[in-house]
Student: 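I have a structure I would like to understand better, so I am pasting it below and will then ask my questions one at a time.
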Amino acid sequence: MPSLTITGTTRVFGTLAHPIDHVRVPSVMNPLYEKHGIDAVMVPIHVLPEDLEDAVRGMRANRSLGGLCVTVPHKVTIAAFCEEVGASGRRVGAVNAVRFDAERRMHGDNFDGQGYVAGMRAGGFDFAGKHVLQLGAGGAGMAIAFAVAEAGAASLSIANRTLARGEELAHRVHKAFPGCITRGVAADADPAGYDVAINTTSLGLHAGDPLPVDVGRLDPATVVSEIIMIPEETALLKAARARGHAVHYGRPMLEEQIKLIAAFIGTPFPSFEACSAGTSG
Ligand SMILES: NC(=O)c1ccc[n+]([C@@H]2O[C@H](COP(=O)([O-])OP(=O)(O)OC[C@H]3O[C@@H](n4cnc5c(N)ncnc54)[C@H](OP(=O)(O)O)[C@@H]3O)[C@@H](O)[C@H]2O)c1
């Protein structure tokens with residue numbers, strides 16, 4: 001029977017952040033727990049960066065606490081407290097999910113890249129054998145580059161404003177996945193000849209931002225993919241659609257990531273319908 005009653009057996013999950021106001025995961029998860037009669041609760045955990053060590057000590061001691069969604073600014077620092085960090089978290093150097101085992105050891109991993117690839121797959125796009133142009137090499141871009149190579153892309157060109165950052169990422173991706181030909185290229189390099197172009201830059205968040213790529217120079221068959229969620233249709237997607245390109249929106253990356261994180265931290269996730277309300281951590 002659906003109930004939000006908290007008892008001694010209720011499993012507690014948390015969303016760790018600072019600031020905390022923007023965090024939406026509790027408002028997504030708790031109605032799901034209630035609707036499906038699951039004995040769990042998701043709470044905000046507001047911790048300042050300088051208090052993280054104390055908070056970790058307290059969370060380890062709290063045996064009701066099953067796991068955490070981790071967001072800004074703790075993704076890098078909390079990784080250092082984890083006894084085990086998964087392959088994706090190690091490559092990216094940051095984790096966005098932590099679970100506590102029976103001995104209260106912490107296991108962390110990063111699901112940005114897997115979430116993106118799963119979102120594309122859900123939209124019918126498979127990276128196996130594809131030639132990929134990735135725009136941007138920031139935090140999300142780093143995770144996505146590894147995940148795209150892991151998903152079997154034939155080649156990956158990373159076009160970043162700061163060329164050295166793109167080149168370094170390309171080098172690291174190639175070391176991890178030698179089967180994928182990778183290179184860093186100038187931000188204005190020729191974007192022709194790719195199966196898909198992915199925007200992982202923050203260009204498109206604000207009205208008036210320049211496009212991250214000259215859409216007119218893309219091959220007509222190039223799929224255009226975005227990870228920005230707000231606005232839902234960025235200027236890039238609008239321009240690409242107007243020229244007849246197939247497009248993929250930013251939201252599925254988050255939706256798939258929430259499912260992956262829920263499975264990892266052990267919080268039940270019975271349905272996704274309620275998540276359309278929007279989440280940011
Ligand atoms: N859908 C999702 O689930 C999801 C998840 C995470 C992030 N995101 C979105 O992804 C975007 C990037 O996030 P992030 O955390 O990776 O940010 P980040 O670490 O700050 O990286 C920003 C990237 O954008 C580039 N960039 C920034 N301003 C630029 C400009 N004026 N011209 C050209 N390039 C510019 C940066 O290039 P430089 O290296 O040269 O600085 C860098 O490659 C954000 O819009 C965020 O909302 C979406």
Side-chain angles (χ1 to χ4, degrees), residues 11-30 32-33 40-119 138-144 146-147 200 202 227 229 250-251 253-269 275 277-281:
R11 294 301 289 158
V12 179
F13 297 92
T15 299
L16 180 70
H18 169 70
I20 200 79
D21 317 35
H22 66 291
V23 156
R24 303 266 163 73
V25 174
S27 62
V28 170
M29 297 306 291
N30 290 319
L32 286 177
Y33 297 149
V41 64
M42 168 80 64
V43 296
I45 300 182
H46 185 188
V47 174
L48 299 181
E50 59 269 33
D51 294 331
L52 186 64
E53 188 169 356
D54 287 344
V56 163
R57 198 172 304 120
M59 289 189 292
R60 280 192 205 273
N62 179 355
R63 290 178 175 266
S64 298
L65 185 63
L68 305 168
C69 299
V70 181
T71 184
V72 177
H74 302 301
K75 291 185 185 188
V76 172
T77 40
I78 203 166
F81 292 101
C82 293
E83 277 75 16
E84 184 196 62
V85 175
S88 172
R90 285 199 305 275
R91 285 180 203 125
V92 177
V95 303
N96 60 3
V98 169
R99 80 163 175 268
F100 297 90
D101 67 18
E103 282 75 44
R104 307 309 292 164
R105 286 185 306 239
M106 292 164 60
H107 303 260
D109 210 346
N110 187 304
F111 293 93
D112 275 327
Q114 283 179 49
Y116 171 74
V117 167
M142 193 187 299
I144 287 171
F146 283 107
T200 76
S202 34
I227 69 165
M229 289 183 295
R251 178 141 208 105
M253 171 176 170
L254 180 73
E255 294 180 348
E256 294 301 322
Q257 206 177 157
I258 289 180
K259 291 184 200 167
L260 293 165
I261 290 176
F264 180 78
I265 68 176
T267 179
F269 193 81
C275 288
T279 58
S280 61

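Please read these numbers as outputs of a predicted model, since none were measured by experiment.
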Student: Can you confirm whether L52 sits close enough to F81 that some side-chain heavy atom of one is under 4.5 Å from a side-chain heavy atom of the other?
Tutor: yes
Student: Tell me whether E255 is salt-bridged to K259, with the criterion being a basic N under 4.0 Å from an acidic carboxylate O.
Tutor: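 Salt bridge absent between E255 and K259.
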Student: Rounded to the nearest 0.5 Å, what's the gap from CE on M59 to CG on L68? Could you check?
Tutor: 5.0 Å
Student: OH/Y33 to CZ/R11 distance, rounded to the nearest 0.5 angstrom?
Tutor: 11.0 Å
Student: Show the nearest heavy-atom pair for residues M106 and V56, with the distance to one decimal.
Tutor: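 Here M106 and V56 meet closest at SD-CG1, 3.6 Å.
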Student: Which heavy atom in G14 sits nearest to a heavy atom in I45, and how many Å separate them?
Tutor: CA-CD1, 3.8 Å
Student: Which heavy atom of C69 sits nearest a heavy atom of M42, and at what distance?
Tutor: SG-CE, 4.3 Å
Student: Would you compute the distance between atom CD1 of I227 and atom CD1 of I144 and round it to the nearest 0.5 angstrom?
Tutor: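 Output value for this atom pair is 4.0 Å.
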Student: Please report the interatomic distance CG(L254) to CD1(I261), rounded to the nearest 0.5 Å.
Tutor: 8.0 Å
Student: How far apart are the closest heavy atoms of A79 and V95, and which atoms are they?
Tutor: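 For A79 versus V95, the nearest heavy atoms are CB-CG1, 4.0 Å.
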Student: Roughly how far, to the nearest 0.5 Å, is NE2 of H22 from OG1 of T15?
Tutor: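 Between T15 OG1 and H22 NE2, I get 9.5 Å after rounding to 0.5 Å.
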Student: Taking C-beta and beyond as the side chain, do V92 and D112 meet within less than 4.5 Å on heavy atoms?
Tutor: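 No, their side chains stay 4.5 Å or more apart.
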Student: Taking A102's backbone N and O only, do any of them form a donor-acceptor pair with R63's side chain (distance below 3.5 Å, no angle check)?
Tutor: yes
Student: Distance only, no hydrogens: is a donor on one side chain within 3.5 Å (strictly under) of an acceptor on the other, for Q257 and N96?
Tutor: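 Result is yes, a qualifying pair exists.
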Student: Which residue in the set R60, R105, R104 passes salt bridge (charged side-chain N to carboxylate O under 4.0 Å, His left out) when paired with E83?
Tutor: R60
Student: Keeping D109 on the side-chain end and G89 on the backbone end, is there a donor-acceptor pair under 3.5 Å?
Tutor: yes
Student: List the residues meeting ring-ring contact (aromatic ring centres under 6.0 Å, His included) with F111, not counting sequence neighbours, and say none if there are none.
Tutor: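 Checked F111 against ring-ring contact (aromatic ring centres under 6.0 Å, His included); matches are F264.
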Student: Of all the heavy-atom pairs spanning P44 and I20, show the shortest one and how long it is.
Tutor: CB-CG1, 3.8 Å
Student: Check the pair V98 / I265 against side-chain contact (heavy atoms from CB on, under 4.5 Å), numbers first and verdict last.
Tutor: CA-CA 6 Å; V98 169; I265 68 176; 5.8 Å; no
Student: Judged by atom type as modelled, is there a donor-acceptor pair below 3.5 Å linking the side chain of N62 to the main-chain atoms of G58?
Tutor: no
Student: Would you compute the distance between atom NZ of K75 and atom CG of N110 and round it to the nearest 0.5 angstrom?
Tutor: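 If I round to the nearest 0.5 Å, the distance is 6.5 Å.
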Student: Looking at every non-hydrogen atom in both residues, tell me the closest pair between P19 and H46 and how far apart they are.
Tutor: CA-NE2, 4.3 Å
